[in-house]
Amino acid sequence: MIGWVLKKILGTQNQREVRRLTPMVGEINRHEEALRSLSMEQLRGKTAAFRERLSKGESLDQLLPEAFAVVKNCCRRFTEEKRRIRVRGQEILWEMIPFDVQLIGGMVLHSGRIAEMATGEGKTLVATLPTYLNALSSKGVHIVTVNDYLAARDADWMGEVYRELGLTVGCLQHGQTQAERRDQYACDITYGTSSEFGFDYLRDNGMATTPEDQVQRGHFYSIIDEVDSILIDEARTPLIISGPVTVSTHQFDKYKSIIEGLVRKQNTLCTDWANQAKEKVEKGDLQGAGRLLYKVKLGSPRNKLLLKFQEDPGTRRAVDDAELEMYQDTRRTELYKTKEEMYFSIDERNSEADLSQMGRTFLNPNDPNFFSVPDLITTNHDIDSNAGLSVEEKIKAKAQAQADYEEASQRIHNISQLLRAYCVFEKDVHYVVQENKVVIVDEYTGRLMPGRRWSDGLHQAVEAREGVQIDRETQTLATITIQNYFRLYEKLAGMTGTAETEANEFKDIYRLGVVVVPTNRDCVRKDADDLIFKTRREKLNALIEEIKKRNAAGQPMLVGTASVESSEIISRMLRRENIPHSVLNAKQHQLEAEIVARAGERGAVMIATNMAGRGTDIKLSPGVAELGGLHVVGTERHESRRIDRQLRGRCARQGDPGSSQFFISFEDDLMRNFGDSRKIAGLMTKLGMEENEGLQHPWLNRSVETAQKRVEGRNYQVRKHTLQYDDVMNQQRTVIYAWRSDMLNSTDPRPEVFETVDERITSEVEARAGTDPVDLDGLVHWANSAMPVGLQKEDFQKAGGKEEWAKLLKAKVREAYEVKVKFENPEAVKALERFVVLGAIDRLWQEHLYAMDGLRTSINLRAYGQKDPLIEYKNEAYGMFGELMGRIKEEVVHNLFRSASSLSAFESFLSALPQRAGRGELPMQAQTTEGSMSMQAEGGSTMVEEVLAPMKRQGPKLGRNDPCPLDANKKFKNCCGATGAKGCLKVSA
Ligand code: ADP
Ligand code: MG
């Protein structure tokens, strides 16, 4: 009822919005008519005229009707002259003039909202309208596509219009050089994928060492095609540029065999329970069996016997009942007790592994506490309230407690990742082993993803399990989530066939409204109710029969699968039946686009995973409409309704006939993990379901949708949660990147450098003067070790109070600097000053990222201390950022005088910085965080990975025998002599 009312309101609101935009359509069309008498030359002249008017103060909004009319008129001319355009090597005849609904779509995009327009409505063309208009500003319009092929295709195809009208068009492709990228961004319009845009941003702001290295020129306006896929599906994927880490913390080798023992023990225990459950079932004691099986589920979710029982609706229901019982008790006493009956418990949904007391004792009989996290809060409290300790002893004791805590956390982290590797991840399902390497399988598309790694040690844990070479860990050098990248734009817009179900999320996170644009012609697609089967086998058999039947009549079919694996199974079955078909799995974008375009031909059978061929339009060939058009079959319901809608939307475009149906079974993942099996099983009995026979009923659809909504809601929470944490980082990144960019682009860096030096001096003076008694000795020592000022204690005493001290220092430091640079080449000095700041920012920022990773993973343990981890995280992060800023300043002061000023020595200084390697040579890859990977793999939450990594606030990154970063010719331990001095790189003793 509430849903209905909401829909009613939303519906009318949407209609009202569309109605509001409609009068403008008439205006555009009137302008367009007037343009018809112009010559092409005159039409092109409009572009310059518009730019002129903009410079005189007219707004883009004012130009909209005329600018849209120019694009439309240009399309008309192309159509009339039957223009052929070379698009990715093929000739395409231009025959499109924007429909009125497309003009409306264009207006929605210009207004910075999402236009929901069904597949085949011509969104590619729609984008040209606002793109042309906004490109008039000369600030650069970025159009984001889902893959490189579509970026190139659209730049070729739509580029014809822009170029004809006198604008320039660029296109980003993977593997382009920096110079090439710069050229693409210099264009009025740039097409590319989200990761190309995002990585360029990271390289520009996190790694570029000269302004010439930067390729982007701001973030003015972006239109994202298939916006749901980018902002919702891809939002889980932070872009990370990483390099190898200098210190390693893993101990997987060490714990592997003991964990194997533990897992064996647990398996024996669970198999026993499962066997007992079997006996109980035979005796008719379903309730008892359910309780036992639920224990098995907790302890060993992939137990064979358990999985078999799960297939039977009756026992399934008993297990669900047992689970429900546990969760109904708000104090969870029963659940905790149950968990203590096994060695460890696994939450399959969240894929968390948790040791019990029994497990801890097994691992270390002499000291079970060896494997539990010390309670730091209580320990610190005890230290504080211990009257027998001096201040110094307290500090020492706390440092020790912190160290113990980190060590224990590290240990537990290793154990927990190993348990996940053994109990949650399965070979050939979640990963494969190829050439002595663990390769992740993307469960979403089924693709192998060589080069990608689960982070936070999980990948190494799996490598340990498989006995393959354990790779070095990597460290983040720069990172941003897709979400935060797109929030950089002054104006953002998107288009897709499916945005409505996620309208809330777009609104909350991106402040993007959704407007549903009506179709050009009415959609006549027939969506049949789902067919539900008990087992996957029965489902597939029925599916093949269905394909045979329709194929015999000549009707083309698109069979959507959730993974490559199931594509292949269906393909094998079809081959056995001698039914010709093609299989697409989003591996070869261009080839697949060409194949999928033919899916509307008579007798075609196309099996495709989710993303395969997306963005390519399926046209019906003659005679097919009479057969009912394209029929779409879904072989599994996806976690999100949106993806299902997308699949359905691939048929019945532009008023064509078409139909769709989903085939599902109780063994599908969605049903297994989230379906309300009890209700469905009840329904099935009521409706009299026979063996081998599919069941169809609107009620069932509703149950499936309920399951989907549940998952959608949870996934949204996970994304929001990730974002809340990421927001903290985002603010910090903005500050650092802005500072960095200022420095990089400044023509005279010295005033800014001295601003930093002055801030540092002020804060040091404040700190030394703030103690009682005033620490003048300390100040004198600091000043002389940081800067060659040659000041004595008496100089300060003579000068007066703290204000005078600061003044004195600031004057002296300038004097000393003048002397230092007197005989240097002024240009070299400028470069040096710039690098002194950049070097400090980069090195310490990366350390900070590392520490923040650690904080992020350790903070969740505090949830046990009744504290809100997010607030804790924010507070700590804030404190750490303050420290970071202080340390950068300190390093600037030190390095200003310490770095050799001749450029060759300077180069060696640079080459020692980790990000120096990032100038082109660093392996750059999109990595997903463990959280996002495991979410895809297990439907779990990001909390999954809130396990520990070392907190290394001032982590030793260099050994005594490593080359000094300030002077590569010297070993670090005996370089400039400042070793160990405050602000200098710390050396591990
Ligand atoms: P969408 O991205 O909305 O699914 P596309 O941009 O791929 O749709 O376009 C689908 C098909 O519709 C393309 O073949 C395109 O040529 C055609 N098309 C788009 N707009 C028009 C138009 N105004 N008139 C005729 N054909 C059009
Ligand atoms: Mg499209």
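Source: prediction; values computed, not measured. Note that ligands are numbered from 1 as they come in the structure, with each ligand's atoms numbered from 1 the same way.
Taking all atoms of both residues into account, the shortest heavy-atom contact from A652 to R525 is CB-CB, 3.4 Å.
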In a simple table, one pair per line, please give the protein and ligand 1 atom names for every N or O pair closer than 3.5 Å, along with the distance.
from     : atom 1 : to   : atom 2 : distance (Å)
ligand 1 : 3 (O)  : E121 : N      : 3.4
ligand 1 : 3 (O)  : G122 : N      : 3.1
ligand 1 : 3 (O)  : K123 : N      : 2.9
ligand 1 : 3 (O)  : K123 : NZ     : 2.9
ligand 1 : 4 (O)  : G120 : N      : 2.6
ligand 1 : 6 (O)  : K123 : N      : 3.3
ligand 1 : 6 (O)  : T124 : N      : 3.1
ligand 1 : 6 (O)  : T124 : OG1    : 2.5
ligand 1 : 8 (O)  : G122 : N      : 3.2
ligand 1 : 14 (O) : D617 : OD2    : 3.4
ligand 1 : 14 (O) : K619 : NZ     : 2.7
ligand 1 : 20 (N) : Q102 : NE2    : 3.0
ligand 1 : 23 (N) : I97  : O      : 2.8
ligand 1 : 23 (N) : Q102 : OE1    : 2.8

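Q483 has its side chain within reach of Y510: a pair of non-hydrogen atoms, C-beta onward, lies under 4.5 Å apart.
Checked against ring pair (Phe, Tyr, Trp, His ring centres under 6.0 Å), Y201 has the following partners two or more places apart in sequence or in another chain: H219, Y485, Y737. Here H142 pairs with Y185, F197, Y489 under the ring pair (Phe, Tyr, Trp, His ring centres under 6.0 Å) rule; sequence neighbours left out.
The neighbour count for R521 CZ, taken as heavy atoms of other residues, nucleotides or ligands under 6.0 Å away, does not exceed 12.
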Show me, pair by pair, the donor-acceptor contacts under 3.5 angstrom made by side chains of residues 101-118, not counting sequence neighbours?
from : atom 1 : to   : atom 2 : distance (Å)
Q102 : OE1    : F99  : N      : 2.8
Q102 : NE2    : E121 : O      : 2.9
Q102 : NE2    : G122 : O      : 3.1
H110 : ND1    : N134 : ND2    : 3.1
H110 : ND1    : K491 : NZ     : 3.3
H110 : NE2    : D61  : OD1    : 2.7
S111 : OG     : V108 : O      : 2.7
S111 : OG     : R113 : NE     : 2.9
S111 : OG     : R113 : NH2    : 3.2
R113 : NH1    : E17  : OE2    : 3.1
R113 : NH2    : E17  : OE2    : 3.0
E116 : OE1    : A499 : N      : 2.8
E116 : OE1    : E500 : N      : 2.7
E116 : OE2    : R645 : NH2    : 3.0

